[in-house]
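Just below is one structure, and these are the notes that go with it.
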There are 2 protein chains.
Amino acid sequence: MDHPETLTPEPQPDATATSSIQVLDRVVRLLERLGEAGDGGEQLSRLATGLGLSASTVHRLLAALEQHGWVDREEATRRHRLGTRLIALAGRAADGSGLRRLCRPALLRIAAETQETTFLIVRSGLNAVVVDRQEGSYVIESLTQGTGGLLPLGIGSGSLAILACQPAAEVEAILAANAPRYREYGTTVEAVRGSLGGIREQGYMLANGSLIQGLSVIAMPIRPPGRDVTAAIAINFITTRLEPANRQAWLTLLKQEVQSIEAGMSLPPRRTRHSRNGET
Amino acid sequence: MDHPETLTPEPQPDATATSSIQVLDRVVRLLERLGEAGDGGEQLSRLATGLGLSASTVHRLLAALEQHGWVDREEATRRHRLGTRLIALAGRAADGSGLRRLCRPALLRIAAETQETTFLIVRSGLNAVVVDRQEGSYVIESLTQGTGGLLPLGIGSGSLAILACQPAAEVEAILAANAPRYREYGTTVEAVRGSLGGIREQGYMLANGSLIQGLSVIAMPIRPPGRDVTAAIAINFITTRLEPANRQAWLTLLKQEVQSIEAGMSLPPRRTRHSRNGET
DNA sequence: CTTCTCTTTTCCATCATGTGGAATTATATC
DNA sequence: GATATAATTCCACATGATGGAAAAGAGAAG
């Protein structure tokens, strides 16, 4: 039960969510660290020290993960990176709720109409994740998130729109938990909390270069009748391109599309009677 | 009679790759099964029987996965589905190799020029995965794969283009391994093998409605100077829109873009030491 | 409301399973 | 070629994952 580590300064002060299954926790931390590695990938020894695990353990984990395609290994450099199989898994995850499929036509229409890049954003615990993205003609790649992009709830307009629609108690919990991260983005809990009221009243978030210089965003939460709000659609504009004249038109368009999506979700969760009778 | 306890066929059906870590294997199988579940998600008991595991084990696994955001749970229906966190992880996986970032501008240009939907496809073990996708004006959603789409190597034009560029020995191994799956797609090992020669000669794959009725595809492998070929770009056309007059133009355009990508990859960080010590 | 059935969750004794140190082999650096 | 560093294999050990049993919930039917 004791860990007589000689060189490890701290056992694990980080304590990223620890569940009842040790291996799993380690695998998750391992993959997350791999995700942070740059293009070159990461080498075993570095991962081992970074995670505070023995090289043999990391080696075993990596080998197992590689067998499942969750980790790819460049033979030449002997470096590891996240495996392509994860991409396939995530594709299913994105389709799983049906939300992406449901929203894609709307994203397409909005992107086509506004000529701007449009996003579908979904809550993921304390974060917001870009689930789908539709390019407009004006590409502002470097400033915006790609599919799979992750931001703390409260950072980014779509993220704010989602946060604003959570129950009050949960909002506070989220704010508290994310507080340390806000600093990284140059904002504070107070500032974030301050934005929420307006969003709730108006039903949308309008950012005029407030998060990123020169980038304006219109974001609107998707509020399915019965269920929780966990998604939003956001349109990114180069600030100079979002003229007041257009703004109202885009808001109307967005509102319209969102309502149509919500209508599509109002069908009650399909009740599945277990009629499966394959094996006996 | 309800409990299929009578047989307990095999503790390990061994159908899927089994690594040295039992929990991991189970988690992978669990997630994959969740991925196959429809929009409604899957319930614990069904997962348990489907995987041949005890309910308590599955419960523990699900709880742990949920803590990490890898599984989402709809409280109302008590059903489980793949978690949104996986989407974020996959985003990093897709960016990890730098390939997606490198290719996106090309995808954008091609999609803009041809007005058709364009794909970046990457090898993932025995499969090919859609890593990125750019919509054109003509949306043919239902026929084509979304991001994360998975097909066996050999099925689909991009997939074929990648397969054609693998070393001969590996091609045969892949064909043999995928043979059972080809049948599901209405083709055979021989047919697939037959297509490869032409691709190698021409340097691209042109499908005129051969895989899917009415859908034509031009696909070209990305062949980085030193490394293995693991990616391809594909353009999907409604067959009637791919006129012979345009075909050559699109091929030229594609070739040009691919070459530019290859040029961008030609600066690998590490030099490749030539220590042949393979299997003998 | 009561009863019955099916599903999910908790508990716990058991031992299979994953663990890390040490030894070995491969690879990079000088 | 020599040295240093990283990757891999081996192994005895006890930690941590396991499944059965039983409790707690959730519906459905009477």
Side-chain angles (χ1 to χ4, degrees), chain A residues 1-8 11-12 18-30 40-67 71 73-80 269 271-277, chain B residues 1-6 8 10-12 18-30 40-67 71 73-80 269-280:
Chain A
M1 55 173 65
D2 54 343
H3 294 277
E5 298 296 310
T6 53
L7 291 180
T8 312
Q12 207 43 253
T18 151
S19 71
S20 54
I21 300 183
Q22 192 192 48
V23 212
L24 239 191
D25 298 343
R26 293 179 168 183
V27 163
V28 169
R29 290 205 298 139
L30 177 57
E42 197 64 290
Q43 61 185 358
L44 189 150
S45 58
R46 201 168 306 226
L47 288 168
T49 59
L51 296 169
L53 298 175
S54 73
S56 58
T57 299
V58 173
H59 178 261
R60 208 175 329 112
L61 294 179
L62 285 173
L65 288 167
E66 197 186 346
Q67 271 211 339
V71 163
R73 214 179 105 131
E74 206 170 334
E75 281 303 330
T77 66
R78 305 204 140 212
R79 293 236 171 85
H80 306 265
R271 37 177 293 150
T272 14
R273 224 66 199 89
H274 25 301
S275 44
R276 205 76 176 94
N277 207 10
Chain B
M1 63 181 196
D2 288 345
H3 290 281
E5 219 50 64
T6 53
T8 313
E10 292 288 323
Q12 239 185 352
T18 156
S19 71
S20 55
I21 300 182
Q22 193 192 47
V23 212
L24 240 192
D25 298 344
R26 293 178 168 184
V27 163
V28 169
R29 290 205 298 142
L30 177 58
E42 197 64 291
Q43 62 185 356
L44 189 149
S45 59
R46 198 173 300 219
L47 288 168
T49 59
L51 297 169
L53 299 174
S54 73
S56 59
T57 298
V58 173
H59 178 261
R60 209 175 328 114
L61 294 178
L62 284 172
L65 288 168
E66 197 186 346
Q67 271 212 339
V71 163
R73 221 178 99 130
E74 205 169 335
E75 281 303 329
T77 66
R78 305 206 144 209
R79 293 237 170 84
H80 305 265
R270 274 279 160 227
R271 58 154 185 207
T272 346
R273 205 72 200 90
H274 207 89
S275 63
R276 289 307 299 147
N277 202 13
E279 66 285 351
T280 303

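Note on naming: letters A, B, ... go to the chains in the order of the sequence lines (proteins, then strands), and numbering restarts at 1 for each one.
- When the local axes at the two ends of the helix from C:dC1-D:dG30 to C:dC30-D:dG1 are compared, using 5 base pairs at each end, they differ in direction by 60° after rounding to 10°.
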Worked check of side chain to side chain contact (heavy atoms under 4.5 Å, CB included) between B:H80 and B:E42: CA-CA 5 Å; B:H80 305 265; B:E42 197 64 291; 5.5 Å; no
Extract from the structure each pairing of a protein N or O with an N or O of nucleotides 4-7 of chain D at less than 3.5 Å, listing the distance.
residue	atom	partner	partner atom	Å
D:dA7	OP1	A:L44	N	3.3
D:dA7	OP2	A:S45	N	2.7
D:dA7	OP2	A:S45	OG	3.3
D:dA7	O3'	A:R78	NH1	3.0

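- The CG atom of A:L24 sits 7.0 Å away from the CG atom of B:L24 when rounded to the nearest 0.5 Å.
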Produce the list of close N/O pairs, under 3.5 Å, pairing protein atoms with atoms of nucleotides 11-17 of chain C; give distances to one decimal.
residue	atom	partner	partner atom	Å
C:dT17	OP1	B:Q22	NE2	2.8

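- Remark: P of C:dT8 and CD of B:E75 are 12 Å apart, rounded to the nearest angstrom.
- The CG-P distance, from B:L47 to C:dT7, rounds to 12 Å in whole Å.
- Taking atom CG of residue A:D25 and atom P of nucleotide C:dG18, one finds them 14 Å apart after rounding to whole Å.
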Donor-acceptor contacts under 3.5 Å from residues 43-52 of chain A side chains, at least two apart:
residue	atom	partner	partner atom	Å
A:T49	OG1	A:S45	O	3.3
A:T49	OG1	A:R46	O	3.0

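- Straight-line distance from the CG atom of B:L24 to the C1' atom of D:dG16: 15 Å, rounded to whole Å.
- Atom CG in A:L51 sits roughly 15 Å away from atom C1' in C:dG20 (whole-Å rounding).
- Rounded to whole Å, the distance from CG on B:L53 to P on C:dT8 is 14 Å.
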Check residues 56-66 of chain A and write down every donor-acceptor pair under 3.5 Å in which the side-chain atom is one partner and the other belongs to a residue at least two apart or another chain.
residue	atom	partner	partner atom	Å
A:S56	OG	A:S54	OG	3.1
A:T57	OG1	A:S54	OG	2.9

